[in-house]
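Before any comments, here is the structure.
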Amino acid sequence: MSDGNHETYTPAAIEEKWQRLWEERGTNTYGDEALAAADRPFYNLMMFPYPSAEGLHVGNIYAFTGADVYGRFRRLQGDAVFEPIGFDAFGIHSENYALKVGTHPMELIPKNIANFTRQLRRTGAMYDWNHTVDTTDPRYYRWTQWLFLQLYKAGLAEKREAPVNWCPGCHTVLANEQVIAGECERCGTAVEQRYLSQWFFRITDYAQRLLDDLSWIDWSETTKKAQENWIGRSEGAELRFPIARRRVAEDRHEPARLHAEPPVIRVFTTRPDTVFGATFMVLAPEHPLVDALTSDDQRAAVEAYRARIATMDVVARKKTDKEKTGVFTGGYCINPATGEEIPVWIADYVLMEYGTGAIMAVPGHDDRDFEFATKFALPIRRVVAEAADPEAMPGAPGAREDGTPAVSEAEALARSAAEPLTEAYTGPGVLVNSDRFNGMRWDEAKRAITDWLAERGLAEPRVNYRLHDWCISRQRYWGPPIPILYCDRCGTVPVPEADLPVVLPYVEDYKPDESGVSPLARVEEWYRVPCPECGGEARRETDVSDTFLDSAWYFLRYPSAGRDDVAFDRALTKKWLPVDMYIGGEEHAVLHLLYSRFITMVLHDLGHIDFEEPYVRFRKHGLIIKDGAKMSKSRGNVVVPDEYIERFGADAFRTYLMFLGPYQEGGDFRDQGLQGPYGFLSRLWDCVVPVAMLGDAPIEGALEQKLHATIRKVTEDLAELRYNTAIAAMMEYLNAVREGGRRANRSEVEPLIVLVAPFAPHIAEELWQRLGHERSIFERPTEGEAAARPAGWRSVAGGNWPVFDPEKATVDVVEFVVQVNGKVRARIPVERGIREDEARAAALADENVRRFVNGNQVRKVIFVPDRLINLVVA
RNA sequence: GCGAAAGUGGCGGAAUCGGUAGACGCGCGAGACUUAGGAUCUCGUGGGCACGCCCGUGGGGGUUCGAGUCCCCCCUUUCGCACCA
């Protein structure tokens with residue numbers, strides 16, 4: 001629709017131009033000095049991508065654009081925003097893909113990174129390309145290895161034999177967090193349990209701190225909750241059940257060993273109040289005491305059961321709803337509360353990884369124990385009686401003044417002590433069948449019984465966590481080698497820091513196998529090295545570290561990227577960290593986000609940094625679906641961003657992504673939806689270009705009011721990442737400017753261009769330039785520029801972002817609602833600030849209102865200033 | 001089973017504090033312009049009819065002058081954890 005005079009909006013040309021100019025002028029990048037000298041630093045971080053061969057997908061762009069919009073918003077407000085990007089390129093994901101296509105990862109990854117870089121530039125985000133990281137670069141992973149050594153020296157990294165999750169598909173060990181419902185997060189293969197010697201980070205030492213800090217960090221609530229659940233703190237007690245030696249010793253083959261082992265079985269329980277009801281004990285099949293407890297006549301059955309469990313895959317074993325299985329060991333232990341001998345069983349519903357790997361079974365008050373006891377005909381004893389009503393409990397509200405329950409104790413006890421249980425009772429109540437503790441509230445009994453047993457050394461209060469230590473060994477090729485040497489004479493020797501990096505060698509055949517060792521173990525010339533301590537023969541650790549270690553500290557590296565003398569510079573780190581705003585996916589709620597918090601705490605404790613939480617503020621973004629369904633290759637509904645960007649431009653694509661739903665909840669991508677934002681930008685263009693056609697009149701009246709209301713709305717919404725409603729407000733304002741096809745004035749559109757800039761930076765730059773500005777809209781304006789603004793235009797200090805005038809942001813005439821008996825009967829325009837009596841008179845002047853009042857007496861009037869009046873009639 | 005979030009037009013989604021339900025956009029309808037239209041512009045667009053109202057935010061109760069919003073019960077969906085003692 002070009003009419004010679006009119007220039008059409010051509011996003012491709014404009015965007016190409018500005019991306020080139022940004023690069024040439026260094027608009028978005030910092031030199032080393034500038035980075036060190038920046039005032040009002042704001043570290044705007046987004047989760048760096050894994051550079052897949054498929055290229056950037058729409059989910060990446062959605063995440064990054066939301067973060068970039070925020071960064072640009074802060075920058076327009078005068079902050080010195082540091083917005084880096086990098087590549088998380090090590091790991092099983094990359095390696096598996098390389099294997100699939102038959103290209104070595106050392107060739108594949110640089111290609112992918114080049115492709116990603118091209119695509120990322122095309123999205124128009126303001127990345128600082130002077131400060132990027134690539135985790136596979138030896139200049140980066142040198143410091144990943146350094147980090148490992150710091151943990152090693154601090155005693156936080158240790159090698160130990162442990163049951164680990166082995167993925168038979170990926171041929172490697174996985175961290176607990178990488179096992180989803182018993183399956184490998186990457187390939188979906190059922191995970192097996194193996195006993196291997198692995199490197200662990202003692203993250204459990206930090207469990208309480210990781211939990212405590214959640215109370216003050218400013219994060220999305222759901223993310224905090226996920227971490228809280230993952231850490232899984234439970235309070236209770238460790239109880240000790242002495243082994244009934246008499247019975248065990250009779251059957252023992254090696255009686256001498258008996259004395260070497262502790263003559264007790266330790267259990268963790270959150271219900272020490274129910275110990276009088278512990279009628280048997282269950283150990284995990286792998287429990288080390290099983291052998292000692294097993295009697296000769298039960299040995300065959302026990303061995304068979306253990307063998308069956310050992311070969312069972314983890315998915316099958318962890319199924320909650322399968323029928324309970326188990327076998328009696330023939331051994332007994334003594335209930336420390338009752339003194340009774342109780343039988344010891346093994347069953348796979350007890351997990352070796354949690355607590356002590358043994359439980360006291362209280363079938364009366366635990367669903368699982370009840371099921372087990374029922375199946376194997378074990379005694380079930382009630383020790384907690386449900387009070388007639390909660391008020392009846394001693395000390396409860398409604399209890400008598402002397403603290404005794406409203407229902408008599410005797411009554412409650414008598415009623416239910418003898419009553420048989422048809423299912424486990426897990427609720428609150430009063431103790432029964434518990435000797436001296438009868439009649440005590442269950443919650444008080446927890447402490448009382450623990451104390452009572454503790455006097456005899458049979459219990460102590462205990463806090464347990466679900467969190468496990470972080471297994472970082474991977475028997476794979478594509479990762480940083482763990483910087484450890486094994487010497488026959490000196491044992492485990494850390495690689496001296498001066499010898500870092502331990503470079504990952506080029507290995508032609510890097511395919512993993514069943515052996516349980518890394519492909520690097522096949523490269524003798526690499527792993528055979530002299531011991532740095534004795535000079536004798538040593539052997540390198542051949543496992544590489546988990547990818548999540550690479551990403552656990554990358555945010556510390558960005559400002560110091562390119563520095564070869566330190567992992568992170570002290571002064572730069574002090575200036576820029578912790579991260580001011582971190583935006584990323586919820587899928588990392590318990591992986592990356594927990595690990596990087598842990599690593600940061602460790603570095604803090606070791607004196608390397610002066611903060612212990614890496615991200616002051618974290619916001620999760622939502623997920624994009626396509627036409628109401630998850631995107632997947634098999635469904636064939638994957639959005640390829642390049643095509644859309646080519647057709648509509650990055651500006652429209654970005655704006656659409658931010659418009660299609662609340663950013664923190666995600667939304668539904670529909671091809672036709674792009675028309676809206678594209679049309680919006682086109683109309684904005686048509687309003688401003690050619691600039692010579694713009695009017696010079698100052699903004700005034702209702703439009704001025706609307707502008708200020710829009711500035712307020714957009715400013716507030718952007719601060720809270722409510723991008724969709726901010727865009728809607730801008731659309732509304734532009735519609736008002738164009739009302740009736742009138743010619744726009746410069747004073748009406750210039751502020752709008754700044755508001756649009758975070759979403760559509762290219763068109764904003766272009767229009768800004770055409771309006772006569774020489775410098776980027778994102779640069780801090782000079783005094784001259786600030787002074788040359790149209791009348792009534794005010795901006796925040798140091799930026800072009802407009803400031804609204806609260807006086808002007810409110811309307812003079814409001815549409816006032818008149819209700820009769822709560823139903824809307826009229827809408828009348830009134831002056832803002834109208835008094836109740838005036839409003840009432842105006843309401844009653846309305847014909848329709850009068851019709852409904854119908855001469856009846858007005859019994860009550862509800863008046864909400866500037867909103868409504870409600871007349872209540874008989 | 002536990003934890004978290006959410007159910008609003010044909011669709012994506014709006015709606016600070018309990019105060020005009022459906023902003024904005026898509027789609028659709030009518031019209032204008034046009035050789036043409038998957039372009040652009042204008043107007044309309046929750047349902048119903050007696051054209052003034054009635055009905056409408058998953059279902060059922062309740063509180064209130066007034067409920068999408070608060071309370072109780074139920075249903076559905078999505079996500080996370082899942083034999084965690």
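Here is how names work: the chains are called A, B, and so on, in the same order as the sequence lines, proteins then strands, and each is numbered from 1.
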inquiry  = Can you tell me how the ring of A:His592 sits relative to the ring of A:His588, calling it parallel under 30°, perpendicular over 60° and tilted otherwise?
reply    = perpendicular
message = With a sphere of 6.0 Å drawn around CZ of A:Arg647, does it hold more than 12 non-hydrogen atoms of other residues, nucleotides or ligands?
response = no
ask   = Is there a side-chain polar atom (N or O) of A:Arg825 under 4.0 Å from OP1 or OP2 of B:C54?
value = yes
note = Taken to the nearest whole Å, OH/A:Tyr663 to C1'/B:G12 is 18 Å
Touch class at under 4.0 angstrom, heavy-atom based, for A:Arg466 against every strand present = base
task = For nucleotides B:C43 and B:G66, find the distance between their C1' atoms and express it as a whole number of Å.
result = 35 Å
query = A:Tyr9 OH to B:U40 P: how many Å, rounded?
reply = 14 Å
key: Pairwise P distance for B:C17 and B:C2, with rounding to whole Å   = 30 Å
task = Between B:C71 and B:G22, how far apart are the P atoms? Round to whole Å, please.
result = 25 Å
Ionic contact status for A:Glu716 with A:Arg722, cut-off 4.0 Å = no
task = Report yes if some heavy atom in the side chain of A:Val58 is under 4.5 Å from a heavy atom in the side chain of A:Tyr644; otherwise report no.
result = no
request  = Classify the nucleic acid contact of A:Arg827 as base, sugar-phosphate or nothing, counting any heavy atom under 4.0 Å across all strands shown.
outcome  = base
Separation of the P atoms in B:G62 and B:C11, to the nearest angstrom = 30 Å
query = Taking the same atom, C1', in B:U16 and in B:C81, what whole-Å distance lies between them?
reply = 34 Å
task = Between B:G38 and B:C55, how far apart are the C1' atoms? Round to whole Å, please.
result = 38 Å
query = Which whole-number value in Å describes the distance from A:Asp671 CG to B:C26 C1'?
reply = 12 Å
query = Can you tell me how far C1' of B:G27 sits from CG of A:Asp668, to the nearest Å?
reply = 14 Å
task = May I ask you to verify whether the side chain of A:Gln675 and the base of B:G25 hold a donor-acceptor pair under 3.5 Å?
result = no
ask   = Do A:Asp218 and A:Arg619 have side chains that get closer than 4.5 Å, going by heavy atoms?
value = yes
task = In whole angstrom, give the distance that lies between atom OH of A:Tyr354 and atom C1' of B:C2.
result = 14 Å
request  = For nucleotides B:C73 and B:U78, find the distance between their P atoms and express it as a whole number of Å.
outcome  = 24 Å
query = For the pair made of CD in A:Glu221 and C1' in B:G3, what is the distance, rounded to whole Å?
reply = 14 Å
inquiry  = Given a 3.5 Å cut-off on both pairing distances, which stems involving RNA chain B, each at least three consecutive Watson-Crick or G-U pairs, are present, if any?
reply    = B:1-7 with B:75-81, B:10-12 with B:24-26, B:27-32 with B:40-45, B:46-48 with B:53-55, B:58-62 with B:70-74
ask   = Which of these passes ring pair (Phe, Tyr, Trp, His ring centres under 6.0 Å) with A:Tyr656: A:Tyr678, A:Phe669, A:Phe648?
value = A:Phe669
request  = Sticking with atom C1', work out how far B:U69 lies from B:A21, rounded to a whole angstrom.
outcome  = 11 Å
request  = Find the distance A:Lys225:NZ to B:C2:C1' and express it as a whole number of Å.
outcome  = 11 Å
Whole-Å distance separating the CD1 atom of A:Ile624 from the P atom of B:U78 = 19 Å
